[in-house]
Enquirer: 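Shown below is the structure under consideration.
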Amino acid sequence: MKDLRDFIAACEKEGVLQRIKAEVDWDLELSHIAKLNEEKKGPALLFENVKGYKWPVITSTCTTTERLSIIMGMPKETPLVELMRRWVEIGNRKIPPKVLSTGPCKENKMVGKDIDLFKFPVPKFYPKDGGRYFGTAHVVITKDPESGWVNIGTYRLQLIDKDILGTQFIKGKHSDIMLKKYQAMGKPMPVAVVVGADPLMFVMGGARFSAFESEYDLAGSIRGEPIEVVKCETNDLIVPAGAEIVVEGEVDANAFKDEGPFGEYTGYYSGVGTNPRNFIKVNCVTHRNNPIFMATTVGRAVTDTHMTLAIAYGATLWQQLSDMKIPGIKAVYCPPEAAGRFIAIISMKQMYPGHANQVLTAAISTEMGAYGLKTVIVVDEDIDPADIPRVLYAVAFRFNPLRAQIIQRGRSTPLDPSLPIESRWITGRLLIDATIPYDWEEKPIPIALDPDIVKKIQARWKELGFKD
Ligand SMILES: Cc1cc2nc3c(=O)[nH]c(=O)nc-3n(C[C@H](O)[C@H](O)[C@H](O)COP(=O)(O)O)c2cc1C
Ligand SMILES: [Mn+2]
């Protein structure tokens, strides 16, 4: 799979894409159709008739595990936790991108006065949003001015003017770290925004890969071949050759405009009252013929955002725990319902006293877990961490609150609505040991049925009036 059009073809083959030919308004109607469809775990939607526009919009590319499997190149019935396991298996192998001389993304070009982002069917998503959002299922590409490391990140972009996009680079995100370096050098930061590519690129945009590592290399390792890229027109950033739309521009760290609010993945608005934020001044736009505008509803769980963050954050936490070489970890699962980041469930085979506690404290000390992870649950290996009723069973019958630990201070996301709006940088952590303690001499005796009686009953099953 090389581009969005390959993905659309794959989804049509599997019967998980619906073309909407009826006219739909970009102003709330399109997003609301997408959201209602996502709540029913419906297909990806290709809106072919957006009011006032000739170009289509695609939404809901990643909303189901089935479609994430298609994106990951796995059989479509693969469970989410197994997609995470696959990511961990190949995550440390890196395949850098391959630069081509040109590609379909160069078919059309706007520069100077001709630049007009309103030419694209940009949706407005929720009633209290500050405006239309150009960037939801997109990626922002930047380069570290010191090391040349190329980063891919998804950071929402508000359509402010025909050549202005408002940003929200949260403190410590890779784009923010790079922007501060350009600021110190007294230079604007070049950026490339890609809307509409192989949805794997969107998954990479949400992935919290380590600093100085390029998401392009991980995408290549998942695809098993280099991602084909081309150089931008006005800077030396690289973008996927088959991208639908590429917006080239720059960010001045010292210039601000109001941005937000926006209906975020927490189910609440963020940036209420609007916030002064850095913005992208656009220098050039290139796009394919009949470009497909890719978008997602973000909003209340479960949407594309929750699914992509679940696989990316869950797999990265798992990877980092395995890099710590702690034995006995069987599986790590970060539920999409918690946006893959607020709750982690880890199943393990205990091998020595204190082992479960080691795993709990390790999880919140990984680079991934140290940012925003609030509740960690560890269960014994007989519990599938993705089987939530079984996890609740373990919490009910194996967990003793006197063994819970609360860690008072840790880094938080400013979008977490459980914290007061004015102080969201620091949160607490809850560690739940739902295992049967390794060091107990006398363990609870599990109930098993008498195998002979079971066999006898099975022989009489029909006689007892049961169908099968
Ligand atoms: C749809 C979507 C929207 C997002 N919006 C933002 C945002 O506005 N600001 C932000 O800092 N992170 C946002 N994120 C989370 C980042 O993409 C994520 O933290 C990612 O790891 C950032 O890349 P980086 O680690 O290379 O900085 C969003 C994620 C998704 C999937
Ligand atoms: Mn990164």
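Computed from a predicted model, the values in this text were never measured in an experiment. Throughout, residue positions are numbered sequentially from 1 according to the sequence presented. Each ligand, and each atom within it, is numbered from 1 in the order the structure gives.
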Enquirer: Describe, in one word, how the ring planes of Y126 and H32 are oriented to each other, choosing from parallel (under 30°), tilted (30 to 60°) and perpendicular (over 60°).
Expert: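 Y126 vs H32 ring planes: tilted.
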Enquirer: List the closest protein heavy-atom neighbour of atom 25 (O) of ligand 1: residue, atom name, distance to the nearest 0.1 Å.
Expert: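 Answer, as residue, atom name and distance: H174 ND1, 3.5 Å.
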Enquirer: Relative to Y371, does R341 satisfy both conditions: NZ or CZ under 6.0 angstrom from the six-membered ring centre, and within 45 degrees of the ring's axis?
Expert: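 Yes; both conditions hold, so R341 lies above the ring face of Y371.
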Enquirer: Polar contacts were defined as any N/O atom of the residue lying under 3.5 Å from an N/O atom of the ligand; does this apply to L309 and ligand 1?
Expert: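 No, no N or O pair falls under 3.5 Å.
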Enquirer: Can you label the angle between the F120 ring and the H287 ring as parallel, tilted or perpendicular, going by 30° and 60°?
Expert: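 If you compare the ring of F120 with that of H287, the planes turn out perpendicular.
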Enquirer: Please confirm whether the ring centroid of Y133 lies under 6.0 Å from the ring centroid of F262.
Expert: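 Ring centroids of Y133 and F262 are less than 6.0 Å from each other.
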Enquirer: Keeping to distances under 2.8 Å, can you name the protein N/O/S atoms close to the Mn ion (ligand 2)?
Expert: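 Under 2.8 Å from the Mn ion (ligand 2) - ignoring waters, which are not counted - the protein N, O or S atoms are N151 OD1, H174 ND1, E215 OE2.
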Enquirer: Within 45° of the six-membered ring axis of Y313 and under 6.0 Å from that ring's centre, is NZ or CZ of R208 located there?
Expert: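 Yes, cation above the ring, under 6.0 Å and within 45°.
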Enquirer: Between ligand 1 and Q168, is the shortest N or O to N or O distance under 3.5 Å?
Expert: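 Yes; at least one N/O pair falls below 3.5 Å.
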Enquirer: If you have a sec, work out which protein heavy atom is nearest atom 28 (C) of ligand 1 and how many Å separate them, to one decimal?
Expert: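 Ranking protein heavy atoms by distance from atom 28 (C) of ligand 1, first comes T154 O, 3.3 Å.
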Enquirer: Are K374 and F342 in a cation-pi setup, meaning NZ or CZ lies under 6.0 angstrom from the ring centre and within 45 degrees of the ring axis?
Expert: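 Yes; both conditions hold, so K374 lies above the ring face of F342.
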Enquirer: I need the nearest protein heavy-atom contact for atom 23 (O) of ligand 1: residue, atom name and distance, please.
Expert: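 Sorting protein heavy atoms by distance from atom 23 (O) of ligand 1 puts Y155 OH, 3.5 Å first.
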Enquirer: Tell me whether the rings of F134 and F293 are parallel (<30°), tilted (30 to 60°) or perpendicular (>60°).
Expert: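 Perpendicular.
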Enquirer: Looking only at distances, can you tell me whether any N or O atom of E264, backbone or side chain, sits closer than 3.5 Å to an N or O atom of ligand 1?
Expert: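 Checking ligand 1 against E264, no N or O pair falls under 3.5 Å apart.
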Enquirer: Answer yes or no: is there a side-chain heavy-atom contact under 4.5 Å between L165 and L159?
Expert: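 Yes, close enough: below the 4.5 Å cut-off.
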